[in-house]
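Data block below; observations after.
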Amino acid sequence: MSKTSQQNTTTDASGVSVIHTQAHSSGLQQVPQLVPVSPGGGGKAVPPSKQGKKSSFVDRNSDEYRQRRERNNMAVKKSRLKSKQKAQDTLQRVNQLKEENERLEAKIKLLTKELSVLKDLFLEHAHNFADNVQPVGTESTTTNPENSGQ
């Protein structure tokens, strides 16, 4: 039994090299190995947004370039105006909430004073009522001038 083997290497679309070996005439076996395709030993991954774009020189005097620049400039202006408007709206809302908070705090102070006055009146009334009520079971021995003459 001789141990002879043959190797064939292919690279798939994702940059992975696959080594096909044939041993003992048993057919091909696939052994995936991560081997960089570029000679520099790998590199930075290319984002999907830039994979399909050509890295060719764009003529800055062409109509297409001018149109792209105009559309981009309009989009930037629109975005900045939208951002500025959002900041102004937020500032306006903050000012409204501050004013509402001040009004509510003033109302709290007024209601607290009113509660204090009403509590004092209630306690004064309760104190006077307690002084005028006599305990149950004790009768006053006041003499009635109309009945004392008889």
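Along the sequence shown, residues are numbered consecutively beginning with 1. What you are looking at is a predicted structure, and each value in this text was computed from that prediction instead of being measured. Both backbone and side-chain heavy atoms feed into the values below; hydrogens, waters and symmetry mates do not.
With sequence neighbours left out, His127 forms a side chain to side chain donor-acceptor pair (under 3.5 Å) with Asp131. Every residue meeting the side chain to side chain donor-acceptor pair (under 3.5 Å) condition with Arg68, not counting sequence neighbours, appears here in chain and number order: Glu64.
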Atom pairs and distances, side-chain donor-acceptor, residues 83-103, under 3.5 Å, sequence neighbours left out:
from, atom 1, to, atom 2, distance (Å)
Gln85, NE2, Asp89, OD1, 2.9
Thr90, OG1, Lys86, O, 2.9
Asn95, ND2, Leu91, O, 3.4

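The structure places OG of Ser79 at 10.5 Å from CG of Asn72, a figure rounded to the nearest 0.5 Å. We find the CG-CG distance between Leu115 and Leu110 to be 11.5 Å, quoted to the nearest 0.5 Å. Separating the NZ atom in Lys113 from the CD1 atom in Ile108 is a distance of 13.5 Å, to the nearest 0.5 Å.
When all heavy atoms of Arg60 and Arg66 are compared, the closest pair comes out as O-NE, 4.4 Å.
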